[in-house]
Amino acid sequence: MFAITASAQITWNAKAGFGISSCLYSDGDNEDGKTHFVGKLGVGMEYPLTSNFSLMPSAEFALKGAKWGYKDDSFKYDETIDIYYFQIPVLGAYRFNLTDRLNLVAKAGPYFAFGFAGKAKFSESYSEGSFSDNYSGSENLFKNGGKRFEVGLDFGVDLEFKRFVVGAEYEFGLTPLFKEEDKGDSWSVKNSAIYVTVGYKF
């Protein structure tokens, strides 16, 4: 292992990130979506194929999800979805050497994710005149039709200064979290997330 690592000049890295996510319907709308703050934590390796092109597989824990809200004169509804994934991105990366210590890295590729926990929390209130009613609850996302497995695309750009890395990533699910097909009516919901990341190369 040590001999292979040394000859290939494999490097290792760790990173953490935060960002915003949403769940997009098949028509591109996120149905009155609100900003939902999420994050990720991961470790990875870089395997150089040429002097500038590398393969970057990683293992990550990522939080995704969405928030929705609706309000009119008498009714208010809010819902929050939190989904915890273990995911493996496999990205191809090209490095532009800006200076001796500063590099710009563009990367893209697929990711494969497994949702090990997911919860939907909701609350609604209704009031008209002297009458009012409130209700709230939660449910297991994967016991109510949610799909655990997800395949998607990851696009990103990193700025490397010595061993420190600052970057931005966009993830989009190709497989749906929810999907329903009926005569004359079919729809699906897919994950979408943007992260800002900081990392360190070993």
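When reading the values below, keep in mind they use all heavy atoms of this one structure, side chains included, and skip hydrogens, waters and symmetry mates. Position 1 is the first residue of the sequence, and the numbers go up from there.
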Do [X] and [Y] come close enough that some side-chain heavy atom pair is under 4.5 Å?
{"X": "Ser22", "Y": "His36", "answer": "no"}
{"X": "Tyr195", "Y": "Ile20", "answer": "no"}
{"X": "Arg101", "Y": "Phe161", "answer": "yes"}
{"X": "Asp82", "Y": "Leu63", "answer": "yes"}

What about Tyr200 and Phe202, are their ring centers closer than 6.0 Å? yes
Could you check whether the rings of Phe116 and Tyr84 sit parallel, tilted or perpendicular, using 30° and 60° as the cut-offs? tilted
For the pair Phe172 and Tyr170, name the ring-plane relationship: parallel under 30°, tilted 30 to 60°, perpendicular over 60°. parallel
By the definition salt bridge (Lys or Arg N to Asp or Glu O under 4.0 Å), identify the one residue from Glu160, Glu46, Glu60 that meets it with Lys15. Glu60
On a heavy-atom basis, which atom in [X] and which in [Y] lie closest, and how many Å separate them?
{"X": "Tyr85", "Y": "Ala113", "result": "CD2-CB, 3.7 Å"}
{"X": "Lys34", "Y": "Gly69", "result": "CE-CA, 3.7 Å"}
{"X": "Ser192", "Y": "Leu24", "result": "CB-CD1, 4.1 Å"}
{"X": "Leu177", "Y": "Cys23", "result": "CD2-SG, 4.2 Å"}
{"X": "Ser125", "Y": "Asn134", "result": "CB-OD1, 2.9 Å"}
{"X": "Phe96", "Y": "Ala106", "result": "CE1-CB, 4.4 Å"}

Within the side chain of [X], is there an N or O that forms a donor-acceptor pair under 3.5 Å with the backbone of [Y]?
{"X": "Asn97", "Y": "Thr99", "value": "no"}
{"X": "Arg163", "Y": "Lys201", "value": "yes"}
{"X": "Arg95", "Y": "Asn52", "value": "no"}
{"X": "Ser21", "Y": "Val38", "value": "no"}
{"X": "Lys190", "Y": "Leu174", "value": "yes"}

Supply the atom-to-atom distance [X] [atom1] to [Y] [atom2], rounded to the nearest 0.5 angstrom.
{"X": "Lys76", "Y": "Ser127", "atom1": "NZ", "atom2": "OG", "result": "10.5 Å"}
{"X": "Asp158", "Y": "Thr197", "atom1": "CG", "atom2": "OG1", "result": "5.5 Å"}
{"X": "Thr80", "Y": "Lys119", "atom1": "OG1", "atom2": "NZ", "result": "12.0 Å"}
{"X": "Lys121", "Y": "Glu79", "atom1": "NZ", "atom2": "CD", "result": "11.5 Å"}
{"X": "Phe86", "Y": "Phe112", "atom1": "CZ", "atom2": "CZ", "result": "12.5 Å"}

Could you check Lys64, Glu171, Glu150 and say which one makes a side-chain hydrogen bond (donor to acceptor under 3.5 Å, both in side chains) with Asn191?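 Going through the options one by one, the only one that passes is Glu150.
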Heavy atoms of other groups near [X] [atom1], more than 12 under 6.0 Å:
{"X": "Asp72", "atom1": "CG", "answer": "yes"}
{"X": "Lys147", "atom1": "NZ", "answer": "no"}
{"X": "Phe114", "atom1": "CZ", "answer": "yes"}
{"X": "Asp100", "atom1": "CG", "answer": "no"}

Are the charged groups of Lys107 and Asp154 less than 4.0 angstrom apart, N to O? no
Between Leu104 and Val157, is a side-chain contact (heavy atoms from CB on, under 4.5 Å) present by the stated rule, with each step listed? CA-CA 7 Å; Leu104 181 67; Val157 59; 3.6 Å; yes
Could you walk me through whether Leu102 and Leu159 pass side-chain contact (heavy atoms from CB on, under 4.5 Å), step by step? CA-CA 7 Å; Leu102 189 65; Leu159 191 63; 4.0 Å; yes
Can you check side-chain contact (heavy atoms from CB on, under 4.5 Å) on Phe122 and Tyr135, steps first, answer last? CA-CA 8 Å; Phe122 53 88; Tyr135 177 75; 3.4 Å; yes
Does a side chain donor of either Tyr111 or Ser58 reach within less than 3.5 Å of an acceptor in the other side chain?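 Per modelled atom types, Tyr111 and Ser58 side chains form no pair under 3.5 Å.
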Donor + acceptor pair across side chains of Tyr126, Glu124 (<3.5 Å): no
Leu141 and Ile81: side-chain contact (heavy atoms from CB on, under 4.5 Å), yes or no, with the steps? CA-CA 8 Å; Leu141 202 65; Ile81 290 179; 3.8 Å; yes
Test salt bridge (charged side-chain N to carboxylate O under 4.0 Å, His left out) on Lys40 and Glu169; report intermediate values, then the result. CA-CA 11 Å; Lys40 66 161 54 177; Glu169 299 177 2; 2.8 Å; yes
